[in-house]
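Here is the naming used below: chain letters follow the sequence lines, and residue numbers restart at 1 for every chain.
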Number of protein chains: 2
Amino acid sequence: MASLAEENYLKLIYHLSGSGAEEVSTNALAEQTQTRAASVTDMLRKLADKNLVHYKKYQGVRLTQDGQEVALQVIRRHRLWEVFMVEKLGFRWDEVHPIAEELEHIASEELINRLDAFLGFPVSDPHGDPIPTAAGAMPSAEYEKLCEVTAGQQVTMMGVLEHAASFLQFLSKAGLIPGSVVSVLEINDFDRSMILKINESAPSFVSYEVARNILIKFSV
Amino acid sequence: MASLAEENYLKLIYHLSGSGAEEVSTNALAEQTQTRAASVTDMLRKLADKNLVHYKKYQGVRLTQDGQEVALQVIRRHRLWEVFMVEKLGFRWDEVHPIAEELEHIASEELINRLDAFLGFPVSDPHGDPIPTAAGAMPSAEYEKLCEVTAGQQVTMMGVLEHAASFLQFLSKAGLIPGSVVSVLEINDFDRSMILKINESAPSFVSYEVARNILIKFSV
DNA sequence: ATAAAAATTTAGGCGAGCCTAAATTTTTAT
DNA sequence: ATAAAAATTTAGGCTCGCCTAAATTTTTAT
């Protein structure tokens, strides 16, 4: 069994490695965990001893098969609890992340699979992030970023890359939530900011920084 | 904030003291926590420093007002999650205790109050135990034990004093769950065992040991 | 190519929560 | 009343996950 701290490291390594593709540096982990690099080194040695990561001194770290399975389990729990809180308890999407950070460590598989069924086997969380299956597979939806869309096109909002509460609250106010239909009316050449029409409401302005963090798919 | 271990001690002291009435001994705590008396002493000093218990060396321990509030919060969370698992996720009442032992430490008050509302503000958990209110009051239902009922009387099953899964499974099989209507047909003088009619089904036999762990109220 | 800078690891320490062994206090039995 | 037994506490240690300071390796800049 992985401890709470170990689960958090594995989840973080998964995210920072681009779903397990690249090596992750000690410093990157230290920054995200709010700890010191020396503490990260300690933990990486422990995870390597348990065969949860591939680790060579000074060379960064990658998840093993076992490590990736644990990470995906934790991510699955996190996202299912987020769906529960938003869909069943009436939380807003910008409120649920910190609470899900705690709930994600409740280990019972029976609990999480029953929760999954109770929620109707959702495929993505309130932020549009895909929910790993009980079998441990991450459904990889390949979306574009809003900043890559050209003027005149119509797209559907599918999710976000940034999860800060302030960002999510901004999107809510603009009506930019997963499922929203968005037309790009204008793009400002100078700063790449956009003017959007969102679900038939009055045009909204979004900066490049915002557009870069929104995932979309092109309407069929 | 109380740590996970601290919350468990406070909850246990509450239960072992008969809802805070009497002093609890170091050994009693050691037995229940599956730790050594010396470890309990360590923790009691820490809880006393935080003003969560009244503690005098060699004299046992009692909850302070603060300590009791924490204990009731933890018990509230535990029992609400049990209701959730049984009512919404379809767990049996003998399965939920160990999972609730983990869920009870998720701190968010917002979460637990929304869960309470989602469940329709239940007043007792699947075992008939009362659920402390958000304000921290324990609704004290005063029930009799089934072993105190005399032959010929009709009562309603209200809850249990023993929470072991094997005991709960036995009761389920007999149809003896909170709400069941029970008539005491016969009592054996020798061993105080009983023959019961439960909800119009065929008569069942229960030992004194079982009857002693079942709470009932007299039918009006 | 090499020196300075940056990243990482090693060494030694700390608090939380547990342990064993030994000392102390309280309770029980005579 | 007092000695034996039981309960409890103290002393010293351990692991986990973190820390700082110093040493080492890798990267970057010239």
J.: State whether a side-chain donor-acceptor pair under 3.5 Å links A/Gln169 with A/Ser172.
T.: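 Their side chains do not contain a donor-acceptor pair, so the 3.5 Å distance test is not met.
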
J.: If only atom types and distance count, is the side chain of B/Thr35 paired as donor or acceptor with the main-chain N or O of B/Ser39 below 3.5 Å?
T.: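 No, the answer is negative, given that no donor and acceptor are paired below the 3.5 Å cut-off.
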
J.: Checking all strands, does B/Thr41 fall into the base, sugar-phosphate, or nothing category for heavy-atom contacts under 4.0 angstrom?
T.: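 Contact class for B/Thr41: base.
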
J.: Pick the closest DNA chain D nucleotide for A/Ser3 and for B/Ser25 by heavy atoms, then say which residue is nearer the 5' end.
T.: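 So the residue in question is B/Ser25.
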
J.: With a non-hydrogen cut-off below 4.0 angstrom, is B/Ser39 in contact with a base, only sugar-phosphate, or nothing?
T.: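 Touches a base.
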
J.: Give a yes or no on whether a salt bridge exists between A/Glu6 and A/Lys50, defined as a side-chain N under 4.0 angstrom from a carboxylate O.
T.: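 A salt bridge links A/Glu6 with A/Lys50.
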
J.: Quick one: does A/His127's side chain have a donor or acceptor within less than 3.5 Å of a partner on A/Trp93's backbone?
T.: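 The answer is yes, because a donor-acceptor pair under 3.5 Å joins these two groups.
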
J.: Taking 4.0 angstrom as the limit, do B/Arg114 and B/Glu110 come out as a salt bridge?
T.: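 Yes, charged N to carboxylate O under 4.0 Å.
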
J.: For the pair made of CG in A/Asp49 and C1' in D/dC16, what is the distance, rounded to whole Å?
T.: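 Roughly 14 Å, once rounded to whole Å.
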
J.: Between P on D/dA11 and CZ on B/Arg45, what's the gap in Å once rounded to a whole number?
T.: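 Taking atom P of D/dA11 as the reference, CZ of B/Arg45 is at 10 Å.
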
J.: Return the stems involving DNA chain D, sorted by first number, where pairs are Watson-Crick (N1-N3 with N6-O4 or O6-N4) or G-U wobble (N1-O2 and O6-N3), both under 3.5 Å, and runs are 3 or more long.
T.: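 If one scans DNA chain D for consecutive Watson-Crick or G-U pairs, the stems found are C:1-30 with D:1-30.
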
J.: Tell me whether the OP1 or OP2 atom of C/dC18 has a side-chain N or O from B/Tyr9 closer than 4.0 Å.
T.: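 For B/Tyr9, the contact criterion (side-chain N or O under 4.0 Å from OP1 or OP2 of C/dC18) is met.
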
J.: Below 4.0 angstrom, N of the basic side chain to O of the carboxylate: do B/Arg192 and B/Glu148 qualify?
T.: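 No, this pair does not count.
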
J.: So which nucleotide from C/dC18, D/dT9, D/dA21 ends up closest to the side chain of B/Tyr58?
T.: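 Comparing C/dC18, D/dT9, D/dA21 against the side chain of B/Tyr58, the answer is D/dT9.
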
J.: Taking only N and O in the side chain of B/Asn27, is any of them less than 4.0 Å away from OP1 or OP2 of D/dA6?
T.: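 For B/Asn27, the contact criterion (side-chain N or O under 4.0 Å from OP1 or OP2 of D/dA6) is not met.
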
J.: Under the 6.0 Å and 45° cation-pi test, does A/Lys88 pair with B/Phe84?
T.: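 Not satisfied by the 6.0 Å and 45° rule.
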
J.: Kindly point out which of C/dT8, C/dC18, D/dC18 is positioned nearest to the side chain of B/Thr35?
T.: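 That would be C/dC18.
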
J.: Choosing from D/dT10, D/dC18, D/dT20, which nucleotide comes nearest the side chain of B/Ala38?
T.: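 Minimum distance to the B/Ala38 side chain belongs to D/dT10.
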
J.: From CD of A/Glu31 over to C1' of D/dC18, roughly how many Å is that when rounded to an integer?
T.: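 In whole Å, D/dC18 C1' and A/Glu31 CD are 18 Å from each other.
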
J.: With rounding to the nearest 0.5 angstrom, report the CD1 to CG distance, B/Ile13 to B/Leu29.
T.: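 The distance works out to 5.5 Å.
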
J.: Whole Å only: how far is the CD atom of A/Glu6 from the C1' atom of D/dC18?
T.: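 Value for this atom pair: 14 Å.
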
J.: Strictly below 4.0 Å: does A/Gln59 bring a side-chain N or O up to OP1 or OP2 of D/dT26?
T.: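 True: A/Gln59 side-chain N/O within range (under 4.0 Å) of D/dT26 OP1/OP2.
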
J.: Looking at B/Arg36, I'd like to know whether one of its side-chain N or O atoms comes within less than 4.0 Å of OP1 or OP2 on C/dT20.
T.: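 Answer is yes, contact under 4.0 Å.
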
J.: Starting at atom CD of B/Glu23, determine the distance to atom P of C/dT27, rounded to an integer number of angstrom.
T.: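 Atom CD in B/Glu23 sits about 12 Å away from atom P in C/dT27.
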
J.: DNA chain D: A/Lys57 or A/Gln34, which has the more 5' nearest nucleotide?
T.: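 Going by which nucleotide is closer to the 5' end, it is A/Gln34.
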
J.: Starting at atom CG of B/Leu44, determine the distance to atom P of C/dA16, rounded to an integer number of angstrom.
T.: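 Nearest whole value for this atom pair: 15 Å.
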
J.: Figure out the CD/P separation between B/Glu7 and C/dA16, and round it to whole Å.
T.: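 Going from CD in B/Glu7 over to P in C/dA16 covers 16 Å.
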
J.: D/dT9 P sits how many Å from B/Asp42 CG, rounded?
T.: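 In whole Å, D/dT9 P and B/Asp42 CG are 10 Å from each other.
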
